Visitor: 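Dropping the structure in here first, questions after.
On a predicted model such as this, the values are computed, not experimentally measured, just so you know. Just follow the structure's listing: the first ligand is 1, and inside any ligand the first atom is 1.
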Amino acid sequence: MTSKYPLALVERLAGVEEVECVTPDLNGVPRGKVMTAAGFLEGRRLQLARGVLLQCIMGGYPPTRFYGGDDGDLVLSADPQQIHVLPWSERPRALAICDADELTGGGSVLSTRAQLKRVLAAYARHGWRPVVATELEFFVFAPHADPLQPFQPPHGLDGRREAGFSAFSISSSNGLRPFFDEVYRCMAALGLPRDTFMHEMGVSQFEINLLHGDPLQLADQTFLFKHLLKEVALKHGLMAVCMAKPLGNVPGSSMHIHQSLVEEGSGRNLFSDQQGQSTPAFRHFIGGLQATLADLTLLFAPHVNSYQRLCNPYASPNNACWSHDNRTAGLRIPASEPAARRVENRLPGADANPYLAIAASLAAGLHGLLRQIEPSEPLQGEFRVPDDLLLPGSMQEALVRLARSELARQLFGNEFIEGYLASKTLELASFLDEISPWERRVLATQA
Ligand SMILES: NC(=O)CC[C@H](N)C(=O)O
């Protein structure tokens, strides 16, 4: 067979029947088509309607004027570095992360993967290379058929279910060992470098950290990891949940983003000088985040539920304060060697699109670097958040803030921001159409 791909890849796909060709939509949901392996290797052209990228989380599309008026096609082209044989699949199957390109060439402005590439290209023009790490928290629950009932932790191997908060417990997750063993096996097969595992504070809440590295690679890895978690959980009769706040009165799940900046070539961390002190670039990066996060909150906290995590904080701040090693500041500087000096953005939830959250955080930092924006003074201990560093507290507020932001349009382009707002406006309207059990329980009799 003739293939546009290298022989090593053709050999790796030997026996594979189908390839899932996916690209992240606005919410980071993998969307695409499944192609025969033969068609894929021949390089047969794969097209997808533009509107698919703007699809709402509950399904449905904004009006066509938001994607070019006639919903023309985009071309899906696989990134050769991101073609993987799926380790959880019974039948030989592969997945390819694709770019969504315009028919005329170049990444679509509606593609969050293309948006991240654009931000990285802007850094490269200055000889800078950002380095990031994401920390994804998630819950593992028993299968759940009735949305009116709260989620329950699963029964472990020993027949027991976790009773309560178990932060950093080493043994609490033992009952789920077969599930985690398969998660590890699948991570290794997909080339996802695993760092630490820990039990987070919530009942049946966990975190598996990836190693830091190139931002596009980390976004791809986080995207794949979320997909992997859900697929492996299904196989084990479990449910892996990455929503921001699945349980009341229990911490939510974050996707913190650690960021540093290295000089192209030398690889030197530009946030530390030769004496190990912090640099102007470090301050300006923080200044850029502080100046921008309120406008971009909806990109980090994309759903109504995201604000339930932020407004009822368990180390989940909705402020743009910065601080050394203080988890109540939205921007935390973890204690580290000078070579590892970095800024942790604690705003994004596990429900955020990793491509978009990383792109937005880095675009905010770059904005500060280019304009040499000075940050506020760092805060310590228990602090009161200054009014100008408070972030939107609801999806409505974040939508309005984004809609009014000239800066967001400068950073991501008008077409992307308009499309994003259109999709999110429908999502919010769909939520507001539903009356919750709390409203029926409390207001029907008391109001
Ligand atoms: N380990 C932590 O820092 C906890 C973070 C917290 N779960 C959040 O939602 O932000």
Visitor: May I ask which of Glu135, Arg309, Arg332, Glu137 has a heavy atom nearer to atom 2 (C) of ligand 1 than the others do?
Guide: Glu137
Visitor: Please list, in number order, the atoms of ligand 1 under 4.0 Å from a heavy atom of Ser316.
Guide: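 The list of qualifying atoms is 8 (C), 9 (O), 10 (O).
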Visitor: Would you please determine whether Glu207 falls within less than 4.0 Å of ligand 1 on a heavy-atom basis?
Guide: no
Visitor: One thing to verify: whether Arg129 and Glu263 come together as a salt bridge, which I'm taking to mean a side-chain N less than 4.0 angstrom from a carboxylate O.
Guide: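 No, this pair does not count.
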Visitor: When you compare ligand 1 with Pro251, is there at least one nitrogen or oxygen pair between them that comes in under 3.5 angstrom?
Guide: no
Visitor: Would you mind running through ligand 1 and noting each atom that sits below 4.0 Å from a heavy atom of Ser254?
Guide: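 Result: 5 (C), 8 (C), 9 (O), 10 (O).
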Visitor: With a cut-off of 6.0 Å (strictly less than), are more than 12 heavy atoms of other residues, nucleotides or ligands near NE2 of His236?
Guide: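 Buried by this count: over 12 neighbours within 6.0 Å.
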Visitor: Could you check whether Arg309 pairs with Asp351 (Lys NZ or Arg NE/NH1/NH2 to Asp/Glu carboxylate O, under 4.0 Å)?
Guide: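 Salt bridge: no.
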Visitor: Check whether any N or O atom of Arg346, backbone or side chain, sits under 3.5 Å from an N or O atom of ligand 1, and answer yes or no.
Guide: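 Right, the criterion is met.
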Visitor: List the steps and the verdict of side-chain hydrogen bond (donor to acceptor under 3.5 Å, both in side chains) for Lys424 and Asn27.
Guide: CA-CA 10 Å; Lys424 290 291 155 185; Asn27 291 301; 2.7 Å; yes
Visitor: Specify the protein heavy atom at minimum distance from atom 1 (N) of ligand 1: its residue, its atom name, and the distance to 0.1 Å.
Guide: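 Of the protein heavy atoms, Glu200 OE2, 2.9 Å lies nearest.
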Visitor: Are any of the side-chain nitrogens in Glu415 or Arg50 under 4.0 Å away from the carboxylate oxygens of its partner?
Guide: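 The answer is yes: the pair qualifies as a salt bridge.
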Visitor: Between Asp295 and Arg404, does any side-chain N to carboxylate O distance fall below 4.0 Å?
Guide: no
Visitor: Which one holds for Met201 and ligand 1: side chain close, backbone close, both close, or neither close, with close meaning a heavy atom under 4.0 Å?
Guide: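 For Met201, there is no contact with ligand 1 at all, from either part.
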